[in-house]
Amino acid sequence: MTMDITFNVGGAAGQGIDKIGDLLTQIFVKAGFYTFTIKDFESRIRGGYNFTQIRVSDIPVYASNDEIDVIVALTRAAIVGKRDQLVENGVIIFDDSIDFTELEQCHLPLPLEKTAKEVGGDTRMTNSAALGAVLSVLKYPFEMASEALEAIFQKKGEKVIQPNIKVARAIYDIARDHFQGECSHDLSTLRGGPSEDKLVLSGNRAIAFGALAANVKWISSYPMSPSTSAFQDIVSVAHTLRIGAFQTEDELASLTMAIGASFAGARSMVTTSGGGFSLMVEGLGLAAMTETPVVIYNAQRPGPATGLPTRTEQSDLLFMAHASQGEFPRILLAPKDPLEGFNITVRAFDLAEKFQVPVMILGDQYFADSVMNIPRIDVTGIKIDRGKLAPRGSDREYKRFQLTEDGISPRAFPGDVGKIVVAAGNTHREDGHISEDPNVRNEMVEKFMKKTPQILDALNPPTLEGPPDAETTLLTWGTVWGPVFEAVNILAADGVSINQLHFSDVFPLKTERLMAIFAQAKRVISIEQNATSQFARLVRMETGLNVDKMINKYDGRPMTAGWVITRLKEVGVQ
Amino acid sequence: MQKYIRTDRLPWIYCPGCSIGIATQMVAHAIEDLGLDFHKVVIISGIGCSGRTSGYFKTGTYHTTHGRAIAFAEGVKIANPELEVIVISGDGDLAAIGGNHLIHACRRNIDITVVCINNLNYGMTGGQFGPTTEHERYSQTSPPPFGNVEHPFNLVQLAASSGATFVARWTAVQARRATKSIAKGIKKKGFSFIEIVGACPTAYGRMNRLGDGLAMHKHLLEVADIQNGLPPHEAEFDYERRIVCGEFVNIEKPEYTEVLRQMHLKAHGQ
Ligand SMILES: Cc1ncc(C[n+]2csc(CCOP(=O)(O)OP(=O)(O)O)c2C)c(N)n1
Ligand SMILES: [Mg+2]
């Protein structure tokens with residue numbers, strides 16, 4: 001690896017740190033680099049200490065870094081907040097109006113706001129000023145940046161483009177003349193990077209895009225961090241794409257409405273977080289009992305109750321795997337990154353309609369808000385499978401829950417000509433009418449149970465990174481894939497015999513490959529973003545196999561490769 | 001205010017120009033005016049910017065989950081009727097996800113006081129429309145060019161028709177009158193509902209071009225039309241033109257915990 005730079009833009013909520021972060025990301029994406037950005041913010045609209053951290057590299061990166069090269073601080077708290085993570089020749093840039101006098105060599109106060117006002121005529125251009133300062137300390141060729149800025153501001157017209165470039169240039173020069181210290185990176189000879197990945201995507205947006213690509217026709221949600229932006233992305237195109245997008249009065253209504261829409265024929269989904277899913281549990285059972293397909297996206301956050309609204313955790317796995325009274329098939333998918341989030345969402349709709357079961361996607365705040373650039377996605381090849389549908393035309397004998405070989409009954413929708421569709425949340429007969437007959441009950445339970453082996457066949461097996469016969473196997477699921485994958489690569493390069501067995505399709509649990517890898521490994525270590533190793537417990541429940549060590553993180557902050565390696569060393573992996 | 005507000009929790013988390021701080025002070029003043037014993041007061045809130053108010057009080061407080069403040073408060077009050085139970089929360093918390101609890105608490109006539117800070121949207125989650133957002137107004141989830149498809153609740157009418165025994169509405173700029181009504185509500189033996197119409201310049205204000213906090217509060221002053229005693233169904237709410245303020249309901253009805261106490265006495269032959 002020749003280049004690996006981390007920027008941290010910190011300040012109070014509402015100060016525009018995301019805008020500066022976006023500018024930086026776009027500049028480097030346009031120049032051909034890989035980026036990975038995390039957002040760290042408090043549950044408040046104004047004030048506090050938030051940051052966005054951008055990692056830029058010339059090889060793909062899947063997690064954040066512990067060490068920071070350049071900090072842009074918009075408040076005093078941000079000047080000191082990450083000081084201990086700054087590399088030796090790191091730089092902290094901040095506005096010279098901030099009252100801060102404990103200056104060290106790494107500190108670079110600059111007239112950001114003043115220059116934005118004087119040169120650009122608008123303090124809103126402080127963002128461009130901050131960008132100019134960062135590029136200056138890196139000795140990033142300004143011409144490359146200004147081309148990129150033209151493209152970034154293109155839509156806003158010349159009146160916005162030129163002043164912004166001027167402001168960036170002015171600070172670029174001021175910083176060059178003022179900066180006495182040293183910067184860990186010198187990019188003066190930079191001509192561009194190797195990356196062709198131009199699609200900048202957060203996990204939430206990937207879910208929204210996946211749903212659109214799958215031709216979602218209904219979404220009903222109630223706002224809840226960290227899921228809200230996925231809902232809002234779909235709302236923003238609902239009229240154009242003729243999607244029913246409804247904000248309900250609570251999550252009870254969200255899922256129940258979506259089930260209604262699905263019963264009426266629309267591909268339906270809901271988005272929420274754990275607290276909202278708690279309210280959806282009743283609806284989950286209704287969807288299951290009436291075999292009505294629906295996709296539920298849960299962007300997990302630390303619980304219980306309101307927990308940490310804007311932080312991350314993987315602690316709803318067993319809850320979602322077992323939520324609701326009664327027993328029924330369901331599917332849980334947990335994407336590892338935005339690209340997989342897109343693909344999983346497309347699959348989720350097909351799986352839901354094919355097996356007529358609820359399909360749940362487990363993201364988390366780390367997944368939801370993290371941004372990376374990925375290759376453009378070609379959606380033209382996407383085929384939609386709506387599962388078994390009743391043949392068109394009149395059928396007086398149509399039974400919504402007709403008993404079939406595979407347990408799956410052809411769907412028809414109310415309003416279809418010549419068919420009457422009857423369903424009930426009570427145990428029902430093939431024709432959908434309520435029955436307490438023990439034989440009917442047995443038939444219907446067995447109908448449900450027939451689906452699980454077929455679902456298992458349709459799910460993807462876990463992936464394995466590294467040699468199959470490695471001494472140590474790291475067991476992961478969902479979004480901790482990235483930091484653990486990076487840790488595995490670093491350790492493998494140091495000669496450690498290690499691999500990573502990773503599950504994105506998590507429930508029902510596919511066990512063949514897992515058993516094979518467990519049999520080969522000397523020790524298996526689970527790494528999860530929760531306190532009770534829920535996935536390792538699921539594995540034990542399904543296979544009787546135990547992991548040897550469990551590594552857990554539950555402070556609400558994402559893992560990094562460095563954190564994973566430190567924990568692994570503590571348990572003797574080196 | 002130091003007597004009532006936890007200064008160690010300051011500065012407020014609220015944005016400049018937000019009304020929630022003002023409403024918090026109204027409640028603090030009402031408690032002061034009534035000379036209530038801190039140890040006998042429980043302030044309960046749900047989730048949202050408005051819901052964060054409970055944490056600023058030096059009384060006993062409880063920050064519930066989203067929408068559940070009233071249900072929780074009913075439990076507290078019935079378990080110990082000696083306590084003065086006050087709910088402060090937002091329009092979304094109390095009238096959307098918590099709407100069912102609101103109407104049923106009104107109907108039961110439990111002696112609690114609900115102060116609803118109506119900033120016309122979900123502030124905390126970034127400004128989505130809510131149950132009080134007016135038709136065609138913009139929000140994150142009712143974006144231009146169409147705006148909100150739905151129609152708002154008139155909270156005064158909702159509470160009154162659901163059976164509340166004391167119902168008032170004020171805006172954030174009528175601090176003195178609002179404080180008096182809150183104090184009256186607390187003293188009232190029955191379910192009291194006080195709506196405080198406030199400004200959310202960061203989200204609702206910006207999206208609907210209503211100006212900054214100062215401009216929004218000036219506007220509230222202009223359109224507030226004080227009509228004490230008006231029948232609640234005439235308590236119009238039209239943000240642009242006229243927000244009727246005042247006390248609209250003050251009736252007597254057997255109160256739940258009192259009726260319960262009587263029943264217990266009877267059951268024990270007293
Ligand atoms: C079950 C559940 N769903 C959603 C949320 C997310 N949420 C937190 S606050 C809020 C809206 C609050 O609106 P309001 O009560 O009007 O308060 P404001 O922030 O406007 O003062 C929502 C939807 C949650 N915390 N819990
Ligand atoms: Mg509100």
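As the structure is a computational prediction, the values presented were derived from the model and not from experiment. Protein chains get the first letters and strands the later ones, always in sequence-line order, with residue 1 at the start of each.
- Heavy atoms of other residues, nucleotides or ligands lying less than 6.0 angstrom from CZ of B:F153 number 12 at most.
- Within a 6.0 Å radius of CZ in B:R108, more than 12 heavy atoms belonging to other residues, nucleotides or ligands are found.
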Report the C-alpha distance between B:T125 and A:M224 in whole Å, list the side-chain angles of each, state the deciding distance to 0.1 Å, and finish with yes or no for side chain to side chain contact (heavy atoms under 4.5 Å, CB included).
CA-CA 7 Å; B:T125 42; A:M224 184 162 193; 5.9 Å; no
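- Around atom CZ of A:F319, more than 12 heavy atoms belonging to other residues, nucleotides or ligands sit under 6.0 Å away.
- Within a 6.0 Å sphere centred on CD of B:Q157, heavy atoms belonging to other residues, nucleotides or ligands number more than 12.
- Within a 6.0 Å sphere centred on CZ of A:R44, other residues, nucleotides and ligands contribute more than 12 heavy atoms.
- Looking at B:F129, both its backbone and its side chain come within 4.5 Å of chain A, counting heavy atoms on both sides.
- The CD atom of B:Q128 lies 5.5 Å from the OG1 atom of A:T228; values are rounded to the nearest 0.5 Å.
- Within 6.0 Å of CZ on A:F100 lie more than 12 heavy atoms contributed by other residues, nucleotides or ligands.
- Among residues 302-316 of chain A, the residues having any heavy atom closer than 4.5 Å to a heavy atom of chain B are, in sequence order, A:A305, A:T306.
- For the atom pair OH of A:Y222 and CD1 of B:I97, the computed distance is 4.5 Å after rounding to the nearest 0.5 Å.
- Distance CD1/A:I45 to SG/B:C18: 10.0 Å, rounded to 0.5 Å.
- For the 3.5 Å distance criterion, the side chains of B:E150 and A:Q247 fail to qualify, holding no donor opposite an acceptor.
- Inter-residue side-chain proximity for A:E249 and B:P131 is flagged as unmet; no heavy-atom pair is nearer than 4.5 Å.
- Of the two parts of A:L252, neither the backbone nor the side chain holds a non-hydrogen atom closer than 4.5 Å to a non-hydrogen atom of chain B.
- Chain B is approached within less than 4.5 Å, heavy atom to heavy atom, by A:V235, A:H239 from residues 233-240 of chain A, ordered by number.
- More than 12 heavy atoms of other residues, nucleotides or ligands lie within 6.0 Å of CZ in B:R107, so this atom counts as buried by the packing criterion.
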Chi angles and distances behind the side chain to side chain contact (heavy atoms under 4.5 Å, CB included) call for A:R46, B:I13:
CA-CA 7 Å; A:R46 283 284 179 274; B:I13 65 153; over 6 Å; no
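- Between the OG atom of A:S43 and the CZ atom of B:R52 there is a distance of 6.0 Å, given to the nearest 0.5 Å.
- Residue-environment remark: CG (B:D8) exceeds the threshold of 12 foreign heavy atoms within 6.0 Å.
- Among B:T141, B:T64, B:T65, the residue with the largest count of heavy-atom pairs under 4.5 Å with chain A is B:T141.
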